[in-house]
Trainee: 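Right, I'll just put the structure down here and ask away after.
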Amino acid sequence: MDNEQLLGALRELLSLPETADAGAVLEAARNSFTAMNTPDPTRFVPIEVFQRAVAEANKANLGLSLNEAERVVDDAIRDRRVMPWMREWSVALCTANAPAFKQFLEGVGPALNTLFSTLSAPADFSRQRAADAGVNPNLSPIAANLGLTAEDMAKYGR
């Protein structure tokens, strides 16, 4: 194939008239390649927008329905893995991200229950006993929550 035949084939491929010279053929070829390599904004979105949409969809899929989240949280409260006053927060987390709530429960274990049952135990540390032992009576609630007696406080320096 000689140059004239090649030029004729390119004119036909690019839908150019037979009178188009080599410069017009080259310009049409450049425009065609540019158009092929330029994304059509009606067909494509920037990758950042796509990634954000996927992340939001995945986040929506991580949560549970409100009824299911309440059931899961109520079970955790019954098992003493979540304190009752944490219910609202727990339900919110569970509806937004159930795996994060599960991870929280695994991380907490029975230690949370032990801690809070100790802190909320009835005090066997009366203010009068504290005063009699020479301990600041304002420290009695703290000492009681730490499991200390008035005598312990007096012995270790009030």
Side-chain angles (χ1 to χ4, degrees), residues 1-123 125 136 138-148 152-153 156-157:
M1 177 179 283
D2 68 359
N3 286 346
E4 256 328 292
Q5 288 174 328
L6 180 61
L7 197 55
L10 288 172
R11 282 185 198 116
E12 187 179 326
L13 238 142
L14 296 169
S15 302
L16 294 174
E18 287 185 26
T19 57
D21 65 357
V25 170
L26 184 59
E27 183 66 27
R30 279 192 186 124
N31 290 340
S32 178
F33 284 118
T34 301
M36 285 180 6
N37 292 324
T38 303
D40 179 2
T42 63
R43 295 183 54 209
F44 302 100
V45 295
I47 190 67
E48 296 84 14
V49 173
F50 173 75
Q51 289 172 334
R52 187 173 55 236
V54 168
E56 288 175 12
N58 286 338
K59 183 179 175 185
N61 290 336
L62 291 176
L64 299 177
S65 70
L66 181 60
N67 289 338
E68 182 65 14
E70 287 176 340
R71 187 191 62 73
V72 168
V73 170
D74 289 342
D75 288 348
I77 291 171
R78 239 184 325 282
D79 295 343
R80 301 187 70 146
R81 296 174 67 199
V82 173
M83 299 307 293
W85 52 267
M86 297 172 68
R87 186 178 190 278
E88 185 177 331
W89 172 84
S90 298
V91 168
L93 177 60
C94 203
T95 56
N97 190 338
F101 181 70
K102 182 179 178 189
Q103 185 179 14
F104 167 77
L105 289 179
E106 289 169 359
V108 168
L112 181 72
N113 181 43
T114 304
L115 172 68
F116 285 114
S117 62
T118 301
L119 290 177
S120 61
F125 193 109
N136 179 344
N138 293 327
L139 294 178
S140 61
I142 297 168
N145 284 332
L146 292 172
L148 301 173
D152 291 333
M153 290 294 287
Y156 295 113

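The analysis underlying the following values was restricted to heavy atoms, covering all of them including side chains, and did not include hydrogens, waters or symmetry mates.
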Trainee: Can you tell me how far CD1 of I77 sits from OG of S90, rounded to the nearest 0.5 angstrom?
Mentor: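 S90 atom OG to I77 atom CD1 measures 6.5 Å (nearest 0.5 Å).
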Trainee: Please check if atom CD in E18 has more than 12 non-hydrogen atoms from other residues, nucleotides or ligands closer than 6.0 Å.
Mentor: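 For E18, atom CD is not crowded (no more than 12 foreign heavy atoms under 6.0 Å).
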Trainee: How close do A28 and L14 get, heavy atom to heavy atom, and via which atoms?
Mentor: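 What the structure gives for the nearest pair is CB-CD1, 3.9 Å.
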Trainee: Sub-3.5 Å donor-acceptor pair from the side chain of E70 to the main-chain atoms of N67, do we have one?
Mentor: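 Looks like no, no N/O pair under 3.5 Å.
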Trainee: With L7, which of D21, L16, V25, D2 fulfils side-chain contact (heavy atoms from CB on, under 4.5 Å)?
Mentor: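 Testing each of D21, L16, V25, D2 against L7, the sole residue satisfying side-chain contact (heavy atoms from CB on, under 4.5 Å) is V25.
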Trainee: More than 12 heavy atoms of other residues, nucleotides or ligands under 6.0 Å from CD of Q103: yes or no?
Mentor: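 No, the 6.0 Å shell around CD holds no more than 12 heavy atoms from other groups.
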Trainee: Less than 4.5 Å apart, side chain to side chain, heavy atoms only: is that true for R87 and V82?
Mentor: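 They are not in side-chain contact.
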Trainee: Does R81 come within less than 4.0 Å of D75, counting only side-chain N to carboxylate O?
Mentor: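 Salt bridge flag = no for D75 with R81.
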Trainee: Look at the side chain of T95 and the backbone N and O of V91, then say whether any donor-acceptor pair between them is shorter than 3.5 Å.
Mentor: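 Yes; at least one donor-acceptor contact below 3.5 Å.
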Trainee: Do F101 and V73 make a side-chain contact, defined as non-hydrogen atoms from C-beta onward lying under 4.5 Å apart?
Mentor: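 Yes, at least one pair of side-chain atoms sits under 4.5 Å.
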